[in-house]
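Below you'll find the structure, written out as structure tokens, and then a few comments.
Excluded from the calculations below are hydrogen atoms, water molecules and symmetry mates; all remaining heavy atoms, backbone and side chain alike, are included. Note that ligands are numbered from 1 as they come in the structure, with each ligand's atoms numbered from 1 the same way. Quick note: residue numbers are just sequence positions, from 1.
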Amino acid sequence: MGKTIKVDKVSAGYRKLHVLFDASCSMNDGEITVLVGPNGSGKSTLLKTIMGITDLYSGGVFYDGTKINGLPTHEITKLGIAYLPQVNSTFSNLTVRENLVMAGYVLGKEEADERVRKALEDFPVLKGYASRKAATLSGGERQMLAMAMALTRKPKVMLFDEPTASLSPKVALEVLGEIRALKEERGMTIVLAEQNARRALEMGDRAILLVGGKVAYEGSSKELLEHKELGRVYLGIGQG
Ligand SMILES: Nc1ncnc2c1ncn2[C@@H]1O[C@H](COP(=O)(O)OP(=O)(O)OP(=O)(O)O)[C@@H](O)[C@H]1O
Ligand SMILES: [Mg+2]
């Protein structure tokens with residue numbers, strides 16, 4: 001039950017700062033699309049543009065064929081797209097349970113309670129921690145909480161912005177494992193912007209490489225991983 005996102009000839013940025021130039025790419029139903037590229041190449045900006053929180057100068061963003069650019073962000077969220085930003089998006093002063101209840105704000109109380117129960121079941125690591133403040137969680141646990149919060153709204157598409165940044169390799173693998181499970185067990189459409197290109201490309205279906213705000217590659221994730229030139233020049237892989 002994933003959905004497709006199509007970015008069509010998009011130029012976008014922040015007021016006068018143009019970041020994306022005529023970028024076209026798509027993220028397919030039920031696949032993991034990995035978004036890679038050097039620092040500042042526009043990965044976060046592309047995700048934010050899908051969510052309607054940048055300035056779009058031209059082009060369009062489509063969700064299963066319906067134009068969504070121009071809609072307010074909360075409407076885009078309601079359509080079924082969840083966005084986990086690069087910065088920590090949990091409320092540190094609230095407990096795990098309170099964070100999950102907050103995330104279900106669009107729901108009635110009973111439905112929210114049910115989804116909190118379900119979220120704690122899906123992420124057993126959080127279960128014993130329901131009444132702990134988010135501030136006391138480890139980075140990996142907080143990332144799991146952010147995922148559980150997004151899932152309470154039953155999204156069909158999830159956009160992750162560097163979910164493994166600042167996590168140890170072991171915990172990063174656990175988080176990536178949970179993300180893969182979203183695809184495999186729920187058929188969700190996943191977009192994953194990642195610094196650690198190799199690890200992400202290995203688990204991805206498709207890849208988009210952004211360089212200087214332009215799409216330099218769009219295609220199979222494995223092919224990009226094996227692409228001598230692009231991999232070496234932009235991603236620091238394939239030189240070992
Ligand atoms: N809110 C903002 N206001 C103004 N400029 C911004 C804003 N966010 C990002 N930028 C600029 O847009 C450009 C692209 O940034 P972006 O965050 O999209 O890159 P990125 O590929 O995600 O990089 P990283 O790998 O470091 O996360 C950069 O020059 C950045 O300074
Ligand atoms: Mg970024």
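- With salt bridges taken as basic N to acidic carboxylate O contacts below 4.0 Å, none links K9 and D22.
- Protein residues lining ligand 1, listed by chain and number: Y14, L17, V19, P38, N39, G40, S41, G42, K43, S44, T45, K48, Q86, E162, Q195 [non-hydrogen atoms, distance under 4.0 Å].
- D122 has its side chain within reach of K118: a pair of non-hydrogen atoms, C-beta onward, lies under 4.5 Å apart.
- Pairs of residues two or more places apart, or lying in two chains, that qualify as side chain to side chain donor-acceptor pair (under 3.5 Å) and include a residue from residues 45-63 are Y14-T45, Y14-K48, T49-T54.
- Here K222 does not pair with E226 in a salt bridge; the nearest charged N to carboxylate O distance is not below 4.0 Å.
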Would V61 and K6 satisfy side chain to side chain contact (heavy atoms under 4.5 Å, CB included), going step by step from the backbone distance to the final call?
CA-CA 6 Å; V61 180; K6 190 161 170 44; over 6 Å; no
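- Checked options V116, V96, T95, L94; the residue passing with V101 is V116 (criterion: side chain to side chain contact (heavy atoms under 4.5 Å, CB included)).
- For the pair R206 and E218, the salt-bridge criterion is met [side-chain N within less than 4.0 Å of a carboxylate O].
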Quick one: side chains of residues 34-44, donor-acceptor pairs under 3.5 Å with protein atoms, not counting sequence neighbours, listed by atom name and distance.
unit_1 : atom_1 : unit_2 : atom_2 : d
S41    : OG     : P38    : O      : 2.7
K43    : NZ     : G37    : O      : 2.9
K43    : NZ     : P38    : O      : 3.2
S44    : OG     : Q86    : OE1    : 2.8
S44    : OG     : D161   : OD1    : 3.4
S44    : OG     : D161   : OD2    : 2.6

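- Take a cut-off of 2.8 Å around the Mg ion (ligand 2): the protein N, O or S atoms inside it are S44 OG, Q86 OE1.
- Surrounding CZ of R199 are more than 12 heavy atoms belonging to other residues, nucleotides or ligands, all under 6.0 Å away.
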